[in-house]
Asks: 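Encoded as structure tokens, here's the structure I'll be asking about.
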Amino acid sequence: MLSHLLKRGSGTIVNISSTGTLRPSPGFAPYAAAKAGVNVLTATFAQEFGPKVRVNSVLPGPFHTDATKAWSRSEAFTRYMEHALPLGRAGEPAEIVGAVLYLVSDFASFTTGACLTVDGGHTVGGGQVA
């Protein structure tokens, strides 16, 4: 894929990382370390393959996805999100899609090497757990 973009002379890569790299939780060290590697690759590839190819990452926080449906749709999780996140809720998949669409669009033509958090304010805190 990358060789095709370089040969074409333009393109965009969007990696999916995690806010767990910025605010890790106990018991998630292997996951956070792997996703931190994605952030390093994003920064390195942005330098190596620019200006032809832009490389960015999206760092989702708590989201309702198929992978999290066993616990993220529970009443306890919903109550926790109301108090723990400044936006008061977990995200929906379309909100990740919106971030990716921005990064691949011409609106982000001067953005490369960025790690865009999409997390309802999880990494900045501000919410209080009841």
Asks: Could you walk me through whether Asn15 and Val58 pass side-chain contact (heavy atoms from CB on, under 4.5 Å), step by step?
Replies: CA-CA 6 Å; Asn15 297 314; Val58 172; over 6 Å; no
Asks: Indicate if Phe107 and Val104 have the same hydrophobic cluster label, given that clusters are the connected sets of ILVMFWY residues with side-chain heavy-atom separations under 4.5 angstrom.
Replies: yes
Asks: Any luck finding a side-chain donor-acceptor pair between Thr19 and Asp119 under 3.5 Å?
Replies: no
Asks: Looking at Thr112 and Ala46, what are the two nearest heavy atoms and their distance?
Replies: OG1-CB, 3.4 Å
Asks: Look at the side chain of Ser17 and the backbone N and O of Leu59, then say whether any donor-acceptor pair between them is shorter than 3.5 Å.
Replies: no
Asks: Could you state whether Ile96 and Leu87 fall into the same hydrophobic cluster, counting links through intermediate Ile, Leu, Val, Met, Phe, Trp or Tyr residues with side-chain heavy atoms under 4.5 angstrom apart?
Replies: no
Asks: Would you kindly confirm whether Leu22 and Val124 end up in one hydrophobic cluster when ILVMFWY residues are joined by side chain heavy atoms under 4.5 Å apart?
Replies: no
Asks: How many angstroms lie between NZ in Lys7 and CG in Leu2, if you round to the nearest 0.5 Å?
Replies: 13.5 Å
Asks: Does a donor on one side chain sit under 3.5 Å from an acceptor on the other, for Thr123 and Arg23?
Replies: no
Asks: Quick one: does Ser105's side chain have a donor or acceptor within less than 3.5 Å of a partner on Tyr102's backbone?
Replies: yes
Asks: Just by distance, do the side chain of Arg89 and the backbone of Met81 share a donor-acceptor pair under 3.5 Å?
Replies: no
Asks: Please check this pair: side chain of Asn56 against backbone of Ala114, looking for a donor-acceptor N/O pair closer than 3.5 Å.
Replies: yes
Asks: Is there a donor-acceptor contact under 3.5 Å from the side chain of Arg54 to the main chain of Ser10?
Replies: no
Asks: Can you tell me how far the CD atom of Glu82 sits from the CZ atom of Arg79, to the nearest 0.5 Å?
Replies: 8.5 Å
Asks: So do Pro62 and Phe77 actually touch side chain to side chain, heavy atoms under 4.5 Å?
Replies: yes
Asks: How about Leu116 and Val118: do any of their side-chain heavy atoms sit closer than 4.5 Å?
Replies: yes
Asks: Is any side-chain heavy atom of Val38 closer than 4.5 Å to a side-chain heavy atom of Ser57?
Replies: yes
Asks: Between Leu6 and Ile13, is there shared hydrophobic-cluster membership here, with clusters defined by ILVMFWY side-chain heavy atoms closer than 4.5 Å?
Replies: yes
Asks: Are Phe49 and Leu41 connected, step by step, through hydrophobic side chains (Ile, Leu, Val, Met, Phe, Trp, Tyr) whose heavy atoms are closer than 4.5 Å?
Replies: yes
Asks: Please report the shortest heavy-atom distance between Lys35 and Ser18, naming the atom on each side.
Replies: CG-CB, 3.9 Å
Asks: Can you give me the closest heavy-atom contact between Gly20 and Ala32, atom names plus distance?
Replies: O-CB, 3.5 Å
